[in-house]
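Counting starts at 1 for both ligands and their atoms, in listed order.
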Amino acid sequence: MIKEKIVKVETSKRMEEIISLCKRRGFVFQGSEIYGGLGGVYDYGHYGTLLKNNIRDSWQKSMIQDRDDVYLLDSAIFMHPTTWVASGHVGNFDDPLVECRKCHNRMRADHILEGFGISADKMPIDFINKELDKLREEKKLKCSTCGLSDITSAKKFSLMIKSNFGSPTDELKEENVVYLRPETCGGIYLQYKNTVDSLHPKLPFGIAQIGKAFRNEIAARQFIFRTREFEQMEMQYFIHKKDTKEKYEMWKDVRMKWYLEQGIPKDKLKWYKHEKLAHYASEAYDVKYDFSSLGGFDEVEGIHARGDWDLSQHSKFSGVDLSYYDDETKERFIPHIVETSAGLNRLVLMFLDNAYTEDNLGGEKRLFLKLPKQLAPIKIAVFPLLRNKPALVEKAKEIYDILKTYFMCEFDDNGNIGKRYRRQDEIGTPYCVTVDFETIEKDNMVTVRDRDTGNQERIKINELKEFFAKKF
Ligand code: GAP
């Protein structure tokens with residue numbers, strides 16, 4: 001049974017505030033919390049699921065609906081054991097692990113070195129141990145949890161998570177191990193041929209999929225930034241080798257534009273070029289976002305030129321021809337690939353981090369999520385001014401029933417109006433509609449309150465649908 005002590009590590013004040021909001025308002029919960037939690041695993045509550053799905057849908061729209069050259073796939077998590085041998089993950093997908101001999105806190109050695117300004121990304125274990133020794137001699141090497149200096153040397157730690165799929169556990173042989181996929185793109189390569197044979201796309205074209213991936217992360221401790229179970233949104237664009245540079249730049253532009261369209265300010269985004277590359281990549285840039293909760297820029301997405309590594313390897317290991325025949329040039333070749341790979345859960349954290357806002361409204365301090373309208377979990381909340389006045393409640397329900405067929409709405413008659421506004425502000429609802437006595441006695445109009453400004457305006461009930469259609 002997996003038993004990992006959930007180590008309490010220092011997090012920034014902003015991160016504490018976001019974690020607290022997520023729990024209080026039903027966005028994200030610690031996985032298996034009633035049993036003390038399971039490290040690096042989180043569950044999404046009602047609003048968190050809605051927010052995550054809206055981010056997913058926006059990505060999918062930009063990849064599929066807004067383009068003519070990318071197709072969808074939903075491949076299985078379990079894949080033939082040879083998949084990850086062919087891809088190089090079984091031999092190569094590891095991180096350098098060190099452990100505190102006193103409190104058994106496990107740390108990533110490359111992250112420790114990076115904290116001292118030493119670039120150790122994908123460096124050999126010998127290099128890492130030499131650098132750790134220097135820090136040890138200078139008495140700078142300390143446990144991030146207990147502060148003591150008794151730290152082991154680094155060793156390779158595989159990120160691959162095994163299952164006993166199809167074998168009785170006690171007879172599980174290495175060659176039969178079916179891994180949980182560490183990245184979703186593996187399924188795309190295995191279904192490349194079926195996609196070509198069934199849809200007959202012309203090069204260049206892409207295959208996109210959204211799904212779960214699993215990595216046995218050493219230090220899964222930055223809330224939903226780095227977890228052991230997570231979701232990726234990946235797209236593999238199949239091209240002729242000669243087009244690599246052009247298509248790589250095209251995808252960098254497309255993806256950066258998406259972040260800007262989702263309301264992330266330009267100065268909070270930057271490109272980071274990898275000097276040391278993963279075993280499959282010939283070029284790699286990360287989109288980095290300036291997380292106030294993490295104290296600086298960190299990766300949310302990678303754009304990789306993977307060459308013909310993946311299809312060549314799977315062709316070699318499966319014995320199946322994965323080449324492409326170009327009718328026009330009469331050329332047969334293995335397509336090269338440009339990949340875009342974003343972490344959906346990381347994007348949830350990015351949008352929460354960017355939206356978390358404290359201001360002063362009407363002389364009172366308030367906290368609200370300034371989420372872009374299209375991503376907000378609830379678009380409109382409808383209230384009766386008082387819950388004990390049946391005429392107000394009935395009218396508010398009537399309006400709610402109409403609006404909810406077009407927009408994700410919520411009806412709320414709990415507590416006083418101030419409390420309801422505060423709750424909706426904290427979950428990022430852009431508009432609140434209130435039915436009051438004037439509505440039913442006088443003008444058939446309601447008050448619509450704007451989340452960001454707190455401004456209120458009176459709108460005719462029969463014009464509400466059109467009013468909100470223009471807003472969203
Ligand atoms: N197919 C390429 C690939 O998987 P990656 O840089 O390892 O590349 C891509 O991962 C993205 O997946 C990252 O930019 C990040 O957003 C997300 N990701 C990776 N590991 C993660 C983890 N342990 N928890 C949450 N998201 C993760």
What do the steps show when you test Phe291 against Phe225 for ring pair (Phe, Tyr, Trp, His ring centres under 6.0 Å), and what is the final call? CA-CA 10 Å; Phe291 284 90; Phe225 181 82; 5.5 Å; yes
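- Ligand 1 lies under 4.0 Å from heavy atoms of Glu183, Cys185, Arg215, Glu217, Phe225, Arg226, Thr227, Phe230, Gln232, Glu234, Tyr280, Glu299, Val300, Glu301, Gly302, His304, Arg306, Glu339, Ser341, Gly343, Arg346.
- Scored by the ring-ring contact (aromatic ring centres under 6.0 Å, His included) test, Phe205 finds Phe238 as partners (sequence neighbours excluded).
- Every side chain to side chain contact (heavy atoms under 4.5 Å, CB included) that Lys173 has, sequence neighbours left out, goes to Glu175, Asn176.
- Put simply, the side chain of Ser282 does not reach to within 4.5 Å of the side chain of Trp309, judged on heavy atoms.
- At least one side-chain heavy atom of Phe472 sits less than 4.5 Å from a side-chain heavy atom of Ile380.
- In this structure Asp425 satisfies the side-chain hydrogen bond (donor to acceptor under 3.5 Å, both in side chains) test together with Arg366, Arg449, sequence neighbours excluded.
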